[in-house]
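Quick caveat, the model's predicted, so the values are computed rather than measured. Here is how names work: the chains are called A, B, and so on, in the same order as the sequence lines, proteins then strands, and each is numbered from 1. FYI, side chains are in, hydrogens and waters are out, and symmetry mates aren't considered; it's all heavy atoms of this structure.
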Amino acid sequence: MITMSDVFENVMELAKRRGFIWPTSECYGAVAGFIDYGPLGAMMKRRIENIWRDFYVIREGYYEIECPTIAQEAVFIASGHVAGFADKMCQCPHCREFLRADHVAEGGGVKNASTMGNQDLATALATCKCLACEEVLGNVEVFGFNLMFKTSIGPDTKRVGYLRPETAQGMFVDFSRLLRFYRDKLPFGAVQIGKSYRNEISPRQGMIRLREFTQAEAEIFVHPDEKNRHPTFHRYADYRMPLLTYGQQQKCEEAVSLSMREAVDKGVIANEYLAYYVALTHELLVSIGIKPERLRFRQHLPDERAHYATDCWDAEILSDRFGWIETVGLADRTNYDLNAHAKESGTPMTVFIQYAEPKKVQRRRIIPNMGVLGKQYRNKAKAIFEALGNSTPTADGADVVVDGEKIHIPADLFEVRDEVVDIRGEDIVPHVIEPSYGIDRMCYAVLEQAYDEDEADGEKRTVMRFSPKVAPVQVAVFPLMTRDGLDTIADEITRKLHKAGILAEYDDSGAIGRRYRRQDEIGTPFAVTVDYDTKENNTVTLRDRDSMKQVRIAIDKLPETIGALVEGSVTFASLQ
RNA sequence: GCGCCGAUAGUGUAGUGGUUAUCACUAGGCGUUGCCAACGCCUAAACCCGGGUUCGAGUCCCGGUCGGCGCACCA
């Protein structure tokens, strides 16, 4: 048996050796926080991303968009990342440790340290003690460390750009276009799978904390009053999973298994939309091969939430090495982002919601006679026009103040109309439900959980037990012997499978057992062997990776059968 | 960034300042092989980078990079 602590080392060694994960640009020395996906890793990652697309794009109907990974400064000023994504840091002059300046100050009894300017904070820090060496800091400089990579756009360096720290902003800045695309109706969503960048101070833990990573994010725009009316909530109403609320965390209690219906009714999850995507996330993670017993959903503690979110849940996967890894974040971002971009850009980001019945509203309109007013007041006429609209006229006329000057407008220069008008609807700012997946962490979890060692004929066998859906190579094709035409037949079968869109790998090198083991190690779920019976009756053996059992099957049936096995609509056991 | 530890073929490793740098597995070639890492012969393949000490450095010293652990950081 393998011990738990070995898994990480074994799986990363295998991943490196067999071409899943490599240190980046190794010939120049690797760089922390960056990795290369090798041939099999890239294939597996693509398969995981495509399963994600099945769920969000095909099933949910949220189209994928693709925005640049660099955006101009205004985008991140609006999003709050320029100000909020930066930590105020200082360096201890004694032990040279980098410290969070506000943490040190608060530890030293300074109030409101997080809202102080750099200068004030530096002054306040002079008497505080270093958290590491406990020396009094004295004269220190406070500087902002922003986790965003900064760059410049164009040859002059005036125009600042940032590498995006999340893909989400792309969906927000495209809101008006998306709204039009979805024909002005809520709810709708857009998704993006792509790279994001965070200049982590000290990334570690291999592929768990990267400076460049792949996110798959969905932004679902909903009417704020409809968050408890997800149209297909019934799909997941009875779906159960362990939920760890912040109340339970504070009391150090275990997660409790609840159905989504119960979770919403008891107020454990804020609304139906959030609960729906919590459940969908669970189903998605299980379908890529995450074991349900290693999966839980944990609610963020109030002080852990991002600046924009109200309720927030993390899907966490239990790793032998790293404990519970935050892999998916599910947040109710409310209308924070759309409001912020509307304000910063001056573009309204609202949806017009038509009422079922128009509302009758009593309204007073003041209509000036501009023909006369214009001639009489010239360049002040426009200001007077605007002021009149807000005035309370009497029978005598109206008094308005323009540029500090009080002007009396006689009653015959305007008309007061009291009327009842139909209000047909209102402009609202949608709320955003955001499931945000860390694809690299999903890849790591899949690798770690797939790794297994068992015994075959008294020998240790290393096998990656990938779900056939994510296995990079889907089937291996072997001639039993490299002669008598068996290799030719195997080659033809390989090409036939390729034509059916199946990734088949031909191998005739070495003993048959060795070839099986090679494929076991990269997690290929099925293997086809061409033997002497093949020449008699056009059948081959089909071997299952996990059970190592074989069935005979007609060559004609191969593409269809393997396709079904990979997709999961047929099990190997049912073929026996 | 700090402290401690480490870095040698594709992988895992041995290596007292002094031969052609050890071994296993893997990989490639040829032969053999009738379904689970068989066998024979052959081949390829490494001292992280930069300084220093020394007649001589994989080995000792310093700095860097990467990795592990602890601290700090992780909207």
Can you sort out the partners of A:Arg298 under side-chain hydrogen bond (donor to acceptor under 3.5 Å, both in side chains), two or more places apart, ordered by chain and number?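 Scan of A:Arg298 (side-chain hydrogen bond (donor to acceptor under 3.5 Å, both in side chains), adjacent residues dropped) gives A:Gln249, A:Glu304, A:Glu316.
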
Tabulated below should be each protein N or O lying under 3.5 Å from an N or O of nucleotides 23-26 of chain B; please produce it.
| from | atom 1 | to | atom 2 | distance (Å) |
| --- | --- | --- | --- | --- |
| B:rU26 | OP1 | A:Arg514 | NH1 | 2.7 |
| B:rU26 | OP1 | A:Arg514 | NH2 | 2.9 |

Hunt down any stem RNA chain B takes part in, defined as 3 or more consecutive Watson-Crick or G-U pairs whose two distances are each under 3.5 Å.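 As far as RNA chain B goes, consecutive pairing (with distances under 3.5 Å) yields the stems B:1-7 with B:65-71, B:10-12 with B:23-25, B:27-31 with B:39-43, B:48-52 with B:60-64.
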
With a 4.0 Å heavy-atom cut-off, tell me which residues in residues 18-45 of chain A come close to RNA chain B, sorted by residue number.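 Those residues whose heavy atoms fall under 4.0 Å from RNA chain B, taken from residues 18-45 of chain A in numerical order, are A:Ala30, A:Val31, A:Ala32.
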
Any residue meeting side-chain contact (heavy atoms from CB on, under 4.5 Å) with [X], in chain and number order, not counting sequence neighbours:
X: A:Ala450; answer: A:Met464, A:Phe466
X: A:Leu318; answer: A:Arg294, A:Trp324
X: A:Ala554; answer: A:Lys557
X: A:Ala456; answer: A:Arg461, A:Arg517, A:Met548

If you look only at pairs with a residue in residues 192-206 of chain A, which of them pass as a salt bridge (Lys or Arg N to Asp or Glu O under 4.0 Å), with sequence neighbours excluded?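 Of all non-adjacent pairs touching residues 192-206 of chain A, those that pass salt bridge (Lys or Arg N to Asp or Glu O under 4.0 Å) are A:Lys195-A:Glu212, A:Glu200-A:Arg209.
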
With A:Tyr506, which residues qualify under ring pair (Phe, Tyr, Trp, His ring centres under 6.0 Å), at least two apart?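 Per chain and number, A:Tyr506 pairs via ring pair (Phe, Tyr, Trp, His ring centres under 6.0 Å) with no residue.
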
Short heteroatom pairs, N/O only, protein and nucleotides 30-32 of chain B, under 3.5 Å:
none

Filter on ring-ring contact (aromatic ring centres under 6.0 Å, His included), then keep only pairs touching residues 510-529 of chain A, sequence neighbours left out; what's left?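 Applying ring-ring contact (aromatic ring centres under 6.0 Å, His included) to every pair that reaches into residues 510-529 of chain A, excluding sequence neighbours, yields A:Phe478-A:Tyr516.
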
